[in-house]
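For reference, the structure is listed below as structure tokens.
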Number of protein chains: 2
Amino acid sequence: MSESSAAVRNTRQRSAVSALLGEMEGFHSAQDLHAMLRQRGERVGLTTVYRTLQGLADAGEIDVMRPPGGEHLYRRCSEGHHHHLVCRVCGRTVEVAGPAVESWADRVAAQHGYADVSHTLEIFGTCPTCPR
Amino acid sequence: MSESSAAVRNTRQRSAVSALLGEMEGFHSAQDLHAMLRQRGERVGLTTVYRTLQGLADAGEIDVMRPPGGEHLYRRCSEGHHHHLVCRVCGRTVEVAGPAVESWADRVAAQHGYADVSHTLEIFGTCPTCPR
DNA sequence: TGCGTTTTTGACAATCATTATCGTTGCCAC
DNA sequence: GTGGCAACGATAATGATTGTCAAAAACGCA
């Protein structure tokens, strides 16, 4: 029963992952990020990349997307809750906010007596510059 | 370059999977369904279960959900587009329709020039009968 | 109804992202 | 400076899903 002091230690590896995410555009897989770190000369283990990403995701500092392909994608995203509009051809992503959707989801869940509500929403389409 | 005649053949295995889905409530994984079929004495290969489920999903006859756990879940669902409100403890699921969400998603996508739009939305919560 | 063609099946192996393991390392508090 | 304890990381394990390919079954047509 740990009671406090989440004590997230400030390690070189955590900083490296966080910094990399800050510079990257778009979504990248854990394996991607790991490869990039090694290219930069940062010595970070793949396991640690996974752990760090999970931690950041839990803390709400990054966003996780689970595309049909089966690979988890991570991205430093703006604060607050939002969703993604993803081009299924080139992957270009637009962040979209939908306050109406948020409240709708909460309301629907409440109507059925569900508590502690969260939701996931992804929109897929073909962006203007991609051939259909 | 196949050109036509998808010619979906009517096989015993396909019927078995489809029938089973018709009787089941809630979501089940491919492996689950496979085990149930074997219990019934139906001799169906796991590979075939996967293929059949994929086919049914493509045809829009069943619904696929990809929970964080990582296992795909399949369910015979009502016609038309809808979403799911899932209890993250017991898995109890409620189908919910959200016309407002549909049109919102389409509108947002169109605003950004995205075509051929689809979306996925799942709501997670803790249902009234489950301890939090 | 019988036959040939084509799809489908299914056992098994391969794939591959993610997670567990566990000894070592290094951060942080005192 | 030093000790405790969380984080790290190389490797192995896991486990769902997909690929393979010969054999079997279904359908169309004569």
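Sequence lines set the chain letters: A, B, ... in the order given, protein chains first and strands last, and positions in each chain run from 1.
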Could you state the NE2-P distance from H34(B) to dT18(D), rounded to the nearest angstrom?
-> 15 Å
Spatial distance of atom OH (Y74(B)) from atom CG (L20(B)) [nearest 0.5 Å] | 14.0 Å
Among the nucleotides dC27(D), dG10(C), dC8(D), which one has an atom lying closest to any side-chain atom of T48(B)?
-> dG10(C)
Find the distance L56(B):CG to dT8(C):P and express it as a whole number of Å.
-> 13 Å
Look at the side chain of R9(B) and decide which nucleotide, out of dG10(C), dT18(C), dT8(C), has an atom nearest to it.
-> dT8(C)
Rounded to whole angstrom units, what separation is found between the CG atom of L33(A) and the P atom of dG9(D)?
-> 15 Å
For the side chain of Q31(B), counting heavy atoms from C-beta on, which of dT17(D), dT18(C), dC8(D) is nearest?
-> dT17(D)
Please determine if E25(A) and R92(A) form a salt bridge, counting it only when a charged side-chain N lies under 4.0 Å from a carboxylate O.
-> no
Result for 5'-nearest mapping on DNA chain D, choosing between T11(B) and Q54(B), is Q54(B)
For the base of dG9(D), is there a side-chain donor-acceptor partner from R51(A) under 3.5 Å away?
-> yes
Is the distance from OP1 or OP2 of dT18(C) to the nearest side-chain N or O of H72(A) less than 4.0 Å?
-> yes
Mind calculating the distance between CG (L53(A)) and P (dT19(C)) to the nearest angstrom?
-> 11 Å
For this output row, return yes or no: ring centroids of H119(A) and H81(A) closer than 6.0 angstrom.
-> yes
About how many Å separate CZ of R75(A) and NE2 of H84(A), when rounded to the nearest 0.5 Å?
-> 5.0 Å
To the nearest Å, give me how far apart CG (L46(B)) and C1' (dT8(C)) are.
-> 16 Å
CZ of R43(A) versus P of dG26(C): gap in Å, rounded?
-> 12 Å
Taking only Lys NZ, Arg NE, NH1 and NH2, and the carboxylate oxygens of Asp or Glu, determine whether E122(A) and R88(A) approach each other closer than 4.0 Å.
-> no
Between the base of dA11(C) and the side chain of T47(B), is there a donor-acceptor distance below 3.5 Å?
-> yes
Quick one: is Q13(A) getting a side-chain N or O under 4.0 Å of the dA7(D) phosphate, OP1 or OP2?
-> no
For R12(B) and dA25(D), give me the distance from atom CZ to atom C1', rounded to whole Å.
-> 10 Å
Closest to the 5' end of DNA chain D, once G45(A) and Y50(B) are matched to their nearest nucleotides, is G45(A)
Rounded distance in Å - CD (E71(B)) to C1' (dT17(D)) = 11 Å
